[in-house]
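Below: one structure, written as structure tokens.
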Amino acid sequence: MATTLLTPSTDAPPHGSPRRIKEPRGDRVLNVILIVLLALFSLTIVYPFVYIVSASLSDPLAVSRGEMWLWPVGGSAAAYEALLDYPEIPRGFLNSVLYSGTAMLLGTAVTTMGGYALSRSDLVGRNVFTLLFVFTMMFSGGMIPLYLVVGQLGMLNTPWAVIVPTAVSVWQLIVTRTFFQTTIPHELLETSRLDGASDLRFFGQIALPLSKPIIAVNLLLYGVATWNSYFPALIYLTDNSLYPLQLIMRNILLENSFDPSKIPGMDPARIVEMQRLSDQLKYSLIIIASIPPLVAYPFVQKHFVKGMMIGSLKG
Amino acid sequence: MTLHANRRTVLKAGVAGLGLAGVAPVLAACSGDSIPGGGGEPAAEYEQGSAALEVELGPEIEGVNYPEDYAGPRHRELEPFGDGQTEFSVIGRSIPGLSYLENYYANLVEEKTGVKIAYQDVPLGEDGQTTVNAMLSGGDLPDAIMCGMELFSPSQVAIYGEMGMFIPVDELIDRLAPHVRDMFETFPEMRSLFTAPDGRMYAVPSMNDCYHCKSSGVRTWINSDLVPADAHPQTLAEFESLMTELKDHPDRTGSGAVVTTTSTTVPNLFNFFLGSFLPVSTTHLLLDDGKVVWGPSQEGYREGLSWIQKQFRAGLFSTDMFALTDEQLKRLGDANGGPSFLVTHGGSQGSFTSVNDPSQERSPASIMVPLAPMEGPDGVRTCDWDWYQIGSPNFVITSSCEDPETMIRWADHQFELGMTVAMGAGEQGVGWDFADEGAMGINGAQAVYTRIPNDLDNQLWWEWGPYYKSEDQRHGEAVPQDTLTIEGTLYEAGKAYEPYRIPKESKLPLLVFTTDEAAQVGEFETNLGQHLEQFFAAIGTGRADVDDDAAWQEFQDGFTSIGVDTFLEIQQTAYDRQFG
């Protein structure tokens, strides 16, 4: 989007052509303002990230002193080496990959099928189903009932507890439904029917291939949501070999925030020990945890814009 | 995404409500079948200490050098008693680098007790509380919970206990836990501090009589680069003139704040100085002849605040302190050339520096030294002293446990000296060993054991379980020169404050409340604390004037309208019930 806004002249004839229409003065001023604003805006996003990358490669003391503000000071990879001293970190990383991978596939499969079904006007009870889904967006049973359900399904302390309860996001389901409604015309279905295609065949061979953008969007959103989540793991898992990276990271980072004056019997020497660990690892951990989403985004981004835009139209 | 967000907010709100105040309603909402044994039958009457001991203490092992008058755990033979088959599930905490399966101490406990444990780990801090509250509310109870390090307050233990989720342990201890009983006999307060309002005890208390922790709430540090040890101010007047003189001293690092601290520790810093006007306490509650009183309404408090206000106006106290974060304070502390402030608050050196190594000469941890309480204009010189901070409720047995006797003995074995030391220092001969005769402990007396500087990966765990660390036990540790520990410097800090500590009769212990009381107390504490801190900020930034009678009256009326009288009544009732 930004590109089209910023360089309206790309569609114009090549440079030097006599018939080139000059940009009106107002447009040029606007462009400059927009470029500056967007540049500042990007800076607020890029700078913290660069800061963390540099901090993770710097001497922790220089960071604490405030000497490091852009490029690494006293560069060393010690923080990354230290990550490997804690077996739970690589293990947590692998767990996270497993959970997000599964949640991504499962969630996308269910959402695409559900979204398609809801998009069909000939579905019996369509409004009732939609209403039921939307209801869950506004009301939630709360933590304890959810915990009881997960417990009675026998999922406590299994990877499923992290994957299944949040498998479908109603918001994404509705976006997907709208996508099908707007991009797959009813006429297409009628034509296929005339050719003898069953519903299943139409969905598998016609609708799905036309829906790559929305599939990509769902994959990405589910993947990222599960990658970033720690709460289900915190509540449902009590075996730290199953912990995802985010929970391990949280444990390490939060240990920095103990308030010694409020913890009776907790001696300051212990707190110092926690702080050392946290100071050493916090930046490198953040980097490690951001790599997978960073790698995934560029591949999905082009679909992302397209899929989201179409899906967000009113059905 | 909206769904996720919604659900998360709801969950968070639910979790926040699960603090002290929220325990009862949440549990009540799912009482009945879902909580095994949670019928809420009141525990039978039992007079603590009345049952006869059925298990004898093992014989003492010779060759340990105890200092004179040593009171604490002793090294004894331990006989395994478990069948090695039945598996008990016990909640422990998880910290980076700890894996219970291979953990040295976990295996040592299994070897010494013969009891097989399947540990379930929950994170430290508030996250752990969330997880455990979900388990308890969901009726999914393990056999026992190691609930030290802030998992439950004594009141929460009592509430869960009176609901029938935790079983009373007092009689079990008296019958089967000779080590714990021995501790109760040596330190009777370990019983009274952890007894529930119904007269029963629902958690095995672990002792952690930390000498330096008793003054950590008011511990204040001064920059020794500019103030040598022999020039420490003895009175507030001396302090004032010294700070004024040093404010623009050429040798100072930077020209920043003279006296500063973080926004969350402003009351701590204020309390340190207020101690020169009247006895104060971190909880703002004190005992006056057996009567609970509200500190900020006592005579002398206004005068003290007036003095503090004067320091802000003179620019000696920095108004930045009301907004400073922990990291910003560390940045000031770690400044090139030494800390840029002259005086700051900190439970330990880790509060203001990330180079927390007192063995380095130029580390901020050795530049900043403890500043002792000073004498006020009327000759008052006191400091808060947490007399009752000697332990915490650390081990509960739930109503799902089919063999509580084994569990209590499992906890009891860890009260033996060798076990308690191994919990924090790993294997004997690797992380620690018994000290030779003549070795000196932290307090200068004969050391009981000595630390060995070694890599102790996955050898130990922290203080969440059962253990017995009396003051003598803690001080009986000899610290080799080259280890990175701040215990020694903190001991010195404690020494500097001890002569001025408030008398024990003035200190209100941490009380155990009933469900109804706990719900009210939590709210009062928050509101009163907020009102107080807002006033602190107002006088610091010049928005209010302590010396103005109307402003002072308004400040005092604020406490009344929040309900300080009801608050004091509840505290008094609880105090009389527990210690009356």
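Reminder, nothing fancy here: chain letters follow the sequence lines and each chain counts from 1.
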Taking the six-membered ring for Trp, are A:F135 and A:F139 ring centroids under 6.0 Å apart?
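Yes.
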Test of ring centre spacing under 6.0 Å for A:W69 and A:Y51:
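Centroid separation for A:W69 and A:Y51: 6.0 Å or greater.
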Tell me, side chain or backbone of [X] under 4.5 Å from chain A's heavy atoms, or both, or neither?
X: B:N336; result: both
X: B:I91; result: neither
X: B:M135; result: both

With a 4.5 angstrom heavy-atom cut-off, could you sort out which part of [X] is near chain B: side chain, backbone, both or neither?
X: A:Y243; result: side chain
X: A:L234; result: both
X: A:L237; result: backbone

Exercise: do A:T176 and A:N218 side chains pair donor with acceptor under 3.5 Å:
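A:T176 vs A:N218: donor-acceptor pair found between side chains.
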Assess the side chains of B:N208 and B:R474: does a donor N or O sit below 3.5 Å from an acceptor N or O?
yes
Just say parallel, tilted or perpendicular for the rings of B:Y491 and B:Y211, cut-offs at 30° and 60°.
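If you compare the ring of B:Y491 with that of B:Y211, the planes turn out tilted.
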Does this structure show an ion pair linking A:R250 with B:E126, if we count only N-O contacts that are shorter than 4.0 Å?
no
For chain B, find which of A:L156, A:T238, A:I89, A:N240 contributes the most heavy-atom pairs closer than 4.5 angstrom.
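The residue among A:L156, A:T238, A:I89, A:N240 with the greatest pair count is A:T238.
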